[in-house]
Amino acid sequence: MSTDAQQSYRDTVAASLADPASFWGEAARLVDWITPPRQVLDDSNPPFYRWFPDGRLNVCFNALDRHVVHGRADQTALIYDSPVTGTTKEYTYAQLLDLVARFGGVLRDLGVRKGDRVVIYMPMIPEAAIAMLACARIGAVHSVVFGGFAPAELAARIEDAEPTVVVSASCGIEPSRTIPYKPILDEAIRRSEHKPDHCVIVQREQLTCDLGERDLDWAQVMHPDAVAPAECVPVQATDPLYVLYTSGTTGKPKGIVRDSGGYAVALRWSMTNLYGVQPGETWLCGSDVGWVVGHSYIVYAPLLTGATTILFEGKPVGTPDAGTYWRLIQEHGAVAAFTAPTAIRAIKKQDPDGELVKAYDLSTLRTLFLAGERLDPDTWQWATDQLGVPVIDNWWQTETGWPIAINPVGTAQFEIRPGSPALPTVGYDVRVLDERGEEVPPGTEGAICIKLPLPPGTLPTLWRDDERYVSSYLSAYDGYYLTGDGGFVDEDGYLYVMGRTDDVLNVAGHRLSTGSLEEALAGHPAVAECAVIGVADSLKGQVPRALVVLKAGIDLDEKGTEQLEAELVQRVRDEVGAVAALRQVDVVEALPKTRSGKILRKTMRQIADGQEAQVPSTIEDPSVLEALGPVLRTPSA
Ligand code: COA
Ligand code: AMP
């Protein structure tokens, strides 16, 4: 039986689909506009939809200035908590505004204008968030690149975004080692045809770096005598706030464009109505600013809400132990926390009986949210038993910027069904389709799609590539956005997201492309062809495995093969980054393919995972697949 609140939520979702203009027009009041939008949705040019086309605003103003004006100047906006450096530092809204306005001035003085791009390649330090907000302040478009990516990935993003300025740091600090960022940045710029005019570098005391001709020291340019603060530059709601590159199936990352007005409205609405966080409350999101979760729920949503956000430089385990999240919650009084299931699995592995959970006072915690990969019922159960608060799965993607499906605890809590992120939320008309584009009955798996238009905050297109936007997402089923995930809906409308239907990998909540790993492997002189598949892993959800075929005439003995496999693992670390976590490479005679030459990655993945393998009738030579069976079934590493 549903409660009044649940029924009212279901009605709201239905109303948001039946009359999006009314629903989002009302939600738009949560944001301060310079020119309030008269039009809510421009649907005159499908499949390209635009939200609040005639509205003008500044997202940084909404995240900082308006809170300072309205009495939150002395409230903590951001808490930097860094067990890896032994630092905790709090910034009030007034202090954060001062730093952001100054860095906006620095960028302006370096020639960054409205619409220009700024690449941010940073570890989890406050300067990363300051640089993002400074871009928003002056109408520049930031493109944050995850600090774990190696030169080739960074170069691809610099080449595509063509930044005027790159903001970076001298080093990142991983539990096991200090990573010099500057050589990675220099190498990426060397590889990229586009060269930024300047790089602003935060010198960290753990490892400083030499600065070259185009480089500037953050501390020097930020000195109050060196720069005048920047004012907020008005932008159209439809102007891009950022471009965030994500992995497709090819080696070329997709530049997800995020608009300004729709994003601000959707995030502000979601923070209270979905996540249940109110202005003035403290929230922990243990992601990284390099991922979409970090953009939306470390930086923008909590600040747009006037909440306090924790920026955590550390890991769920090993910095120093599996109690680190619980310490953060106790010390800073967080009312809710958000992380990835893999983080909980890592904590569970080290603290199975929850001794460290009991060691902290978690009385402020109301909810734990988990996203980034499928939340397996065992992990859900463990977290629920240990924490005694609702553990809420939520499903979304870089493309959407905020949840597609979630149990909306901020409005009404529904029954939790382990394995399901619950119900599609406002604005998302989710349908599960079969190969012919027909909706499947409840309980039947198919391609999860969203009927257009997508709600505010979701991608309007890909950076400078409308064509790829259409071919990647909108061409499979006319009038629908293809999520790339497969799954089903139950009789009550609960969605079950079972995994990608394409070759995108999800390693410890990090989205990686098979294509970029394969490109790195194929660059080795001994490799004729190769395939990467994602296989199930009890900690990381998935880990990549590589199968390589050697060039004709290369005949290696056991030692030579081992050496080559080690070289290939290293190549992927050097080209893509250690986050790819490729540990296992097997040299094989041939790869199974269809007659048209498509490598049967999915079939190999099913064999490696011990599932029933679906072998397409178009397979070229079934004996190749048979020969691979023992290799795939026996992990050699
Ligand atoms: N900069 C440089 N290197 C990085 C990095 C960064 N920002 N992040 C990770 N790496 C490196 C690590 O040092 C490690 O290198 P190694 O192979 O030399 O040890 C490698 O990349 C893999 O790191 P990681 O994915 O963190 O795996 P792990 O085994 O060290 O830790 C977990 C496992 C589960 C604790 C970790 O993956 C984790 O915290 N996951 C949560 C992910 C998350 O929050 N995702 C966001 C989606 S919501
Ligand atoms: P990213 O764009 O990096 O956020 O990755 C998005 C992908 O991660 C989705 O397409 C899903 O495959 C997966 N994903 C994210 N959250 C969930 C979830 N709650 N349940 C299942 N899969 C998820």
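Counting starts at 1 for both ligands and their atoms, in listed order.
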Going by the order shown, which atoms of ligand 2 are within less than 4.0 Å of some heavy atom of [X]?
X: Asp393; answer: 18 (C), 19 (N)
X: Val497; answer: 21 (C), 22 (N)
X: Asn394; answer: 16 (N), 18 (C), 19 (N)

Heavy atom under 4.0 Å from ligand 1: found in [X]'s side chain, backbone, both, or neither?
X: Thr342; value: both
X: Pro123; value: neither
X: Phe338; value: neither
X: Met122; value: neither
X: Arg177; value: side chain
X: Ile179; value: side chain

Do the charged groups of [X] and [Y] touch, with an N to O distance under 4.0 Å?
X: Arg511; Y: Glu399; result: yes
X: Arg601; Y: Glu518; result: yes
X: Arg177; Y: Glu174; result: no

Given [options], identify the one with the heavy atom nearest to [atom].
atom: atom 43 (C) of ligand 1; options: Ala340, Ala581, Gly509, Gly290; answer: Ala340
atom: atom 45 (N) of ligand 1; options: Arg573, Glu313, His510; answer: His510
atom: atom 24 (P) of ligand 1; options: Arg583, Lys315, Met124; answer: Lys315

Q) Which residue supplies the protein heavy atom nearest to atom 32 (C) of ligand 1, what is that atom called, and how far is it? A) Ala346 CB, 4.6 Å
**Q.** Identity and separation of the nearest protein heavy atom to atom 28 (P) of ligand 1
**A.** Lys540 NZ, 3.7 Å
Which bit of [X] gets closer than 4.0 Å to ligand 2, counting heavy atoms only: side chain, backbone, both or neither?
X: Gln397; result: both
X: Trp291; result: neither
X: Glu373; result: backbone
X: Val504; result: neither
X: Thr398; result: both

Is there a donor-acceptor contact under 3.5 Å linking the side chains of [X] and [Y]?
X: Thr339; Y: Tyr325; result: yes
X: Tyr263; Y: Tyr242; result: yes
X: Tyr297; Y: Ser270; result: yes
X: Tyr275; Y: Asn394; result: yes

(Q) Counting C-beta onward and ignoring hydrogens, is there a side-chain heavy-atom pair between Asp351 and Val357 closer than 4.5 Å? (A) yes
Q | Lys254 NZ/CZ over Tyr469 ring centroid, <6.0 Å and within 45° of normal | A | no
Q. What do you reckon, is CD of Glu355 surrounded by more than 12 foreign heavy atoms closer than 6.0 Å?
A. yes
Q. Quick one: does Asn407's side chain have a donor or acceptor within less than 3.5 Å of a partner on Ile392's backbone?
A. no
Q. What about Glu174: any of its N or O atoms under 3.5 Å from an N or O on ligand 1?
A. yes
Q) Ser287 near ligand 1, heavy-atom distance under 4.0 Å? A) yes
